2 protein chains.
Amino acid sequence: MDKQMKKGVLDLCVLSVLSEEDCYGYQLVEKISAAIEISEGTIYPLLKRLQKDGLLASYIRESSEGPARKYYKLTPEGITKCKRLRKEWFEFYNGVNKLLGRGNGDE
Amino acid sequence: MDKQMKKGVLDLCVLSVLSEEDCYGYQLVEKISAAIEISEGTIYPLLKRLQKDGLLASYIRESSEGPARKYYKLTPEGITKCKRLRKEWFEFYNGVNKLLGRGNGDE
DNA sequence: ACATACTACCTTGTTATACAAGCTACCGTG
DNA sequence: CACGGTAGCTTGTATAACAAGGTAGTATGT
């Protein structure tokens, strides 16, 4: 999968998954990579950035199965951002699909 | 609109529009910006890159309405690439929509 | 005791690309 | 002759995805 396609959309993916339930980083990697290719080296810096921007808050919780987990949850700003990005995403892919629908290099 | 979202998808947009008919750069800007926000500073370097990569060929044609126009058309490699990117794009946005469908920060 | 594997977190350096800003130049109209 | 529209192009900047590497806890096998 083209790396570049994911730019900007991964923020939305993370925010959207977190709008459903609090998750720790490793869990997010698993959830998101079930839908699109993603690696740890992408998610952790991204989480840090989103937290720095005030969109996420975090808390540590111990685990009996391994190291302690750092859970992230949306802040009110995160919820707002998530809504706006969702809207942008839908507008964006509808626009792209409009362009693609006309030209057809295959089918 | 988020700049980052467009990364990687614009190649596909250009190739897809060109798969329908030959276009010159300025025309591509107009066509594509009707669907998603785009600027000249993005399209021209992109066309150059796609041509360098052997996906596009170009020819000059005079215009009575202004300066000569540089038309671009797909090469066989360009057609192949267009097909592959289309497939990737559909897989990608379906994956994203799957993630978004679950979490809902709005609606 | 030691190696291996899985969980879980994090950082550094590389690479690609979108775009603002700026430039040149042709044509027609006022 | 100035101006706006058409048409092309370049340079510099900012951003983000990811490979590759590191740390550390828990559990299993030998």
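The analysis underlying the following values was restricted to heavy atoms, covering all of them including side chains, and did not include hydrogens, waters or symmetry mates. Labels below follow one simple rule: chain letters A, B, ... track the order of the sequence lines, proteins then strands, and each chain is numbered from 1. Just so you know, these numbers come straight off a predicted model, no measurement behind them.
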From the options [options], select the nucleotide whose nearest atom is closest to the side chain of [X].
{"X": "Y72(A)", "options": "dA17(D), dC10(C), dT11(C)", "answer": "dC10(C)"}
{"X": "P67(A)", "options": "dA17(D), dA18(C), dG25(D)", "answer": "dG25(D)"}
{"X": "R49(A)", "options": "dA17(D), dT11(C), dA18(C)", "answer": "dA17(D)"}
{"X": "S39(B)", "options": "dG8(D), dA19(D), dC19(C)", "answer": "dC19(C)"}
{"X": "L46(B)", "options": "dA18(C), dC18(D), dC9(C)", "answer": "dA18(C)"}
{"X": "K3(A)", "options": "dA18(C), dA16(D), dC18(D)", "answer": "dC18(D)"}
{"X": "T42(A)", "options": "dC18(D), dT11(C), dT17(C)", "answer": "dC18(D)"}
{"X": "Y44(B)", "options": "dC19(C), dT17(C), dT10(D)", "answer": "dT10(D)"}
{"X": "L10(A)", "options": "dA18(C), dC18(D), dC9(C)", "answer": "dC18(D)"}
{"X": "Y26(A)", "options": "dT17(C), dA17(D), dA8(C)", "answer": "dA8(C)"}

**Report entry** Side chains of K48(B) and Q51(B) in contact at under 4.5 Å (non-hydrogen atoms)
**Finding:** no
Query raised in the report: Tell me, do L100(A) and R86(B) make a side-chain contact under 4.5 Å, heavy atoms counted?
Result: yes
Query raised in the report: When the nearest nucleotide of DNA chain C is assigned to R69(A) and to E40(B) on a heavy-atom basis, which residue is associated with the more 5' position?
Result: R69(A)
Could you tell me the separation between the [atom1] atom of [X] and the [atom2] atom of [N], rounded to a whole number of Å?
{"X": "I32(B)", "N": "dA18(C)", "atom1": "CD1", "atom2": "P", "answer": "11 Å"}
{"X": "L12(B)", "N": "dA16(C)", "atom1": "CG", "atom2": "P", "answer": "19 Å"}
{"X": "L50(B)", "N": "dC9(D)", "atom1": "CG", "atom2": "C1'", "answer": "16 Å"}
{"X": "E30(B)", "N": "dG5(D)", "atom1": "CD", "atom2": "P", "answer": "12 Å"}
{"X": "E37(A)", "N": "dC18(D)", "atom1": "CD", "atom2": "P", "answer": "8 Å"}
{"X": "I43(B)", "N": "dT17(C)", "atom1": "CD1", "atom2": "C1'", "answer": "12 Å"}
{"X": "D2(B)", "N": "dT15(D)", "atom1": "CG", "atom2": "P", "answer": "11 Å"}
{"X": "K6(B)", "N": "dA14(D)", "atom1": "NZ", "atom2": "C1'", "answer": "14 Å"}

Requested in this report: By nearest nucleotide on DNA chain D, pick out whichever of Y24(B) and G41(B) is the more 5' one.
Outcome: Y24(B)
Query - From OH (Y59(B)) to NZ (K70(B)), nearest 0.5 Å - result: 13.0 Å
Query raised in the report: Is a donor on one side and an acceptor on the other found under 3.5 Å between the side chain of T75(B) and the backbone of G54(B)?
Result: yes
Query raised in the report: Would W89(B) and D2(A) count as having a side-chain donor-acceptor pair, cut-off 3.5 Å?
Result: no
Report task. Please check the phosphate of dC10(C) (OP1 and OP2 only) for any side-chain N or O of K70(A) closer than 4.0 Å. Result -> yes
Query raised in the report: Using a cut-off of less than 4.0 Å, is there contact between a side-chain N or O of K48(A) and OP1 or OP2 of dC9(C)?
Result: no
Query raised in the report: Does a side-chain N-to-carboxylate-O contact under 4.0 Å join D11(B) and R49(B)?
Result: yes
